[in-house]
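Keep in mind that the numbers below use all heavy atoms, side chains included, and drop hydrogens, waters and symmetry copies. Order of listing sets the numbers, starting from 1, for every ligand and every atom in it.
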Amino acid sequence: MHAKVKKIIDDIKSIKIQGARNIARAAVDAFYLETNYSKAKDVKKCLAELGIVERALIQSRPTEPMMRNMLANLSKMALENIRQNSKPTVKLLKEAVRKTHAELVARMNEDGKRMTEYGAKMIQNGAIVVTHCHSSSVTNILKKAHENGIKFKVYNFETRPRYQGRKTAEELAKAGIDVTLSVDGAMNMIMKKADIVLVGADAVTARGDLINKVGTSTLAHVARMHDVSFYSCAELFKFSTATLEGNLETIEERDPKEVWEKPPKKVKILNPAFDVTAARYITGYVTEVGVIPSTSFFTIAAQKLGYQVVGKSYA
Ligand code: RUB
């Protein structure tokens with residue numbers, strides 16, 4: 001595995017690269033780099049190397065369907081390319097991966113832009129917006145609304161134990177947005193004055209449930225108690241196809257040391273990275289095709305991803 005690819009995997013594991021979109025982008029870049037630097041003499045060897053990289057990337061953060069879906073696109077194309085050529089070569093494979101990588105990145109940027117535009121329209125003048133963790137989808141939406149001249153305030157939470165909330169607060173403050181960071185335990189207190197909650201998404205399940213940074217479900221329940229609209233910003237690529245096949249999406253458990261380096265004996269530590277918010281607490285998903293009800297996410301995502309539901313072969 002090339003050193004640059006190894007570094008990307010380490011940065012994803014250690015959260016230097018964080019957030020589903022950034023992770024997915026870094027993963028497809030790593031796949032492309034590995035192909036580009038490959039010294040494999042034949043296609044079979046090159047594909048085997050790529051398989052190792054793909055598995056290592058997927059294991060680096062197990063709750064990331066956007067990464068999985070985009071990598072699946074790349075490797076599927078690589079295989080198709082081999083099948084279509086009577087004399088496949090490593091050179092042809094490299095060119096095909098380069099082309100598909102560029103197409104995927106362009107599509108991701110376009111989808112992100114559209115989602116940002118839909119989301120920005122939802123921020124009203126004078127609004128109090130609440131968010132959690134760091135989601136590039138949410139920060140882009142808020143920055144766009146600010147650029148559009150909308151005046152609003154943002155409250156966000158530290159997000160223990162890795163403090164991604166500080167990244168959000170710093171980024172928004174730099175953009176000139178009025179932002180207040182608070183401790184995670186203040187969710188109920190702050191919700192009393194909120195108008196809208198916008199969070200990101202790591203995965204959306206077949207029944208429209210949201211998997212996002214731990215604490216998101218608490219925020220959604222508190223929002224419901226105060227009748228505050230709760231939206232998740234999720235491109236359709238975040239759909240977990242595994243859940244349609246009857247599997248539960250994995251919830252990543254991180255090192256207990258992130259919570260307490262040296263806990264006293266007999267103290268057990270639980271450090272889940274994400275939690276599940278039931279579809280019924282979600283007012284809507286902000287996507288690249290518009291703001292859709294949580295129960296429609298699956299149908300629209302399956303269409304977009306080309307995931308064949310009706311007419312599927314059972315052979
Ligand atoms: C980040 C997180 C974000 C989503 C969406 O968790 O929960 O809300 O990944 O991010 P972590 P984006 O810091 O553990 O990766 O909108 O950028 O895809």
Original post:
Would you say Asn148's side chain and Ile150's backbone share a donor-acceptor pair under 3.5 angstrom?
Top reply: no

**OP:** In plain terms, say whether Lys304 and Asp111 are close enough for a salt bridge, that is, a side-chain N and a carboxylate O under 4.0 Å apart.
**Re:** yes

Original post:
Could an N or O of ligand 1 be found under 3.5 Å from any N or O of His132, whether backbone or side chain?
Top reply: no

Subject >> Heavy atom of the protein closest to atom 16 (O) of ligand 1 (residue, atom name, distance) >> reply: Ser137 OG, 2.5 Å

Subject >> Top protein contact for atom 2 (C) of ligand 1, by heavy-atom distance >> reply: Asp202 OD2, 3.4 Å

**OP:** Enumerate the atoms of ligand 1 whose separation from the nearest heavy atom of Gln18 is less than 4.0 angstrom.
**Re:** 1 (C), 11 (P), 13 (O), 15 (O)

Original post:
Does the Thr283 side chain pair with the main chain of Phe230, one donor and one acceptor, at a distance under 3.5 Å?
Top reply: yes

Original post:
In ligand 1, which numbered atoms sit nearer than 4.0 Å to a non-hydrogen atom of Gln164?
Top reply: 11 (P), 13 (O), 14 (O)

Original post:
Counting heavy atoms only, which of Cys233, Gly19, Ser136 comes nearest to atom 17 (O) of ligand 1?
Top reply: Ser136

Original post:
In the protein, what heavy atom is nearest to atom 18 (O) of ligand 1, and what distance, to one decimal place, separates them?
Top reply: Lys238 NZ, 2.7 Å

Original post:
Polar-atom distance check: Arg21 versus ligand 1, any N or O pair below 3.5 Å?
Top reply: yes

Original post:
Any sub-3.5 Å donor-acceptor pair from Ser232's side-chain atoms to Gly200's backbone N or O?
Top reply: yes

Original post:
Should the pair Lys91-Glu95 be classified as a salt bridge under the 4.0 Å nitrogen-to-oxygen rule?
Top reply: no

Subject >> Numbered atoms and elements of ligand 1 in range of Arg61, under 4.0 angstrom, heavy atoms >> reply: 11 (P), 14 (O), 15 (O)

**OP:** May I ask you to identify the nearest protein heavy atom to atom 6 (O) of ligand 1, giving residue, atom name and distance to one decimal place in Å?
**Re:** Lys213 CE, 3.3 Å

Original post:
What part of Ala273, side chain, backbone, both or neither, has a heavy atom within less than 4.0 angstrom of ligand 1?
Top reply: neither

**OP:** From the options Arg207, Arg68, Lys238, select the one residue that forms a salt bridge (Lys or Arg N to Asp or Glu O under 4.0 Å) with Glu249.
**Re:** Arg68

Original post:
Is Lys4 paired with Glu34 through a side-chain N to carboxylate O contact shorter than 4.0 Å?
Top reply: no

Original post:
Is a donor on one side and an acceptor on the other found under 3.5 Å between the side chain of Lys94 and the backbone of Asn36?
Top reply: yes

**OP:** Starting from atom 8 (O) of ligand 1, find the nearest protein heavy-atom neighbour and note its residue, name and distance.
**Re:** Asn212 OD1, 2.7 Å

